[in-house]
Amino acid sequence: FSECSKLSSVSILGDISFIYSNAFLKCSSLSSIIIPESVTSIGESVFYSCTSLSSITIPENVKLIGSKTFYRCTNLTAITIPKKVTSIESSLFEGCNNLLSVSIIGNVVFIGNYAFRYCYVLSFTIPSNVTSILTQAFCSCTSFISITIPSSVTSISMGLFELCTKLSSIEILGNVT
């Protein structure tokens, strides 16, 4: 369905376990999708540049959400990451410039490169299970005023808070390299 610009809603009714990469890439009118509970994996770039998508429910059984899945979903405002997901992959929410909140229910231990880059209005708490945060994960998150890096984090990469122009306070609770 990639680049079906008139596609506005999708209901997946079958018993599927995987949504393949690029499935709805650049479906700019897609505003509504129902994903069945049977889905355990969502491939890379599945909703890439679905600029009309404002909300989505990720089923509880999902263990993997591929990189760039929500890249440039500019109307996405909030999302909940289910407890079986252990990593926020690279560029997962990059360019989601209206994303206000990401609720992480479970055991995320890894935040990938550019995961939240250009999420201008994001309010986010780094979960206490996270151990690694990669390059520019929060670059240009201009709404950040203060941030706490939990003691579980042992590794951060360069440019983590680059261009976070309102950031005035960072508290590091552990030993980070």
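Only heavy atoms go into these numbers, but all of them, side chains included; no hydrogens, no water, no symmetry mates.
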So Ser67 and Ser91, do their side chains get closer than 4.5 Å, heavy atoms only? no
Solution key, residues 105-114 side-chain donor-acceptor pairs under 3.5 Å, sequence neighbours excluded:
{"residue": "Asn107", "atom": "OD1", "partner": "Asn129", "partner atom": "ND2", "Å": "3.2"}
{"residue": "Asn113", "atom": "OD1", "partner": "Thr135", "partner atom": "N", "Å": "3.0"}

Hphob cluster co-occupancy, Phe138 + Leu100, side-chain heavy atoms under 4.5 angstrom: no
Taking side-chain contact (heavy atoms from CB on, under 4.5 Å) as the test, write out the residues that go with Thr40, two or more places apart. Ser17, Asn61
Tabulate below the donor-acceptor pairs under 3.5 Å that side-chain atoms of residues 32-39 make, not counting sequence neighbours, or state none.
{"residue": "Ser38", "atom": "OG", "partner": "Asp15", "partner atom": "OD1", "Å": "3.3"}
{"residue": "Ser38", "atom": "OG", "partner": "Ile16", "partner atom": "N", "Å": "3.2"}
{"residue": "Ser38", "atom": "OG", "partner": "Ile16", "partner atom": "O", "Å": "2.5"}

Salt bridge (charged side-chain N to carboxylate O under 4.0 Å, His left out): pairs with one or both residues in residues 62-86, sequence neighbours excluded: none
Under the ring pair (Phe, Tyr, Trp, His ring centres under 6.0 Å) test, which residues partner Tyr71, sequence neighbours left out? Tyr48
Co-membership, hydrophobic cluster, residues Val121 and Ile88, 4.5 Å side-chain: no
Residue pairs involving residues 17-26 (criterion salt bridge (charged side-chain N to carboxylate O under 4.0 Å, His left out); sequence neighbours excluded): none
Are Val62 and Ile42 close enough that some pair of their side-chain heavy atoms sits under 4.5 Å apart? yes
Of all the heavy-atom pairs spanning Ile104 and Pro127, show the shortest one and how long it is. CD1-CG, 3.8 Å
Connecting only ILVMFWY residues whose side-chain heavy atoms lie within less than 4.5 Å of each other, what is the rest of Tyr20's hydrophobic cluster? Phe18
By side-chain contact (heavy atoms from CB on, under 4.5 Å), Ser55 pairs with (sequence neighbours left out) none
Measure the shortest side-chain to side-chain distance between Ser21 and Ser45 over non-hydrogen atoms and say whether it is less than 4.5 angstrom. no
Any pair with a residue in residues 81-108 that passes ring pair (Phe, Tyr, Trp, His ring centres under 6.0 Å), sequence neighbours left out, goes on the list, sorted by first then second residue, please. Phe70-Phe93, Phe93-Phe116
Which residue is it: Leu92, Leu76, Ile81, Thr80? I am looking for the one with a side chain to side chain contact (heavy atoms under 4.5 Å, CB included) to Val102. Ile81
Less than 3.5 Å apart, which donor and acceptor atoms pair up between the side chains of residues 143-164 and the rest of the protein, not counting sequence neighbours?
{"residue": "Ser143", "atom": "OG", "partner": "Tyr120", "partner atom": "O", "Å": "3.3"}
{"residue": "Ser143", "atom": "OG", "partner": "Leu122", "partner atom": "N", "Å": "3.4"}
{"residue": "Ser143", "atom": "OG", "partner": "Leu122", "partner atom": "O", "Å": "2.7"}
{"residue": "Ser152", "atom": "OG", "partner": "Ser128", "partner atom": "O", "Å": "2.6"}
{"residue": "Ser152", "atom": "OG", "partner": "Val130", "partner atom": "O", "Å": "2.6"}
{"residue": "Thr154", "atom": "OG1", "partner": "Thr131", "partner atom": "O", "Å": "3.4"}
{"residue": "Glu162", "atom": "OE1", "partner": "Gln136", "partner atom": "NE2", "Å": "3.0"}

If a pair satisfies salt bridge (charged side-chain N to carboxylate O under 4.0 Å, His left out) and one of its residues is in residues 89-116, list it, with sequence neighbours excluded. Glu94-Arg117
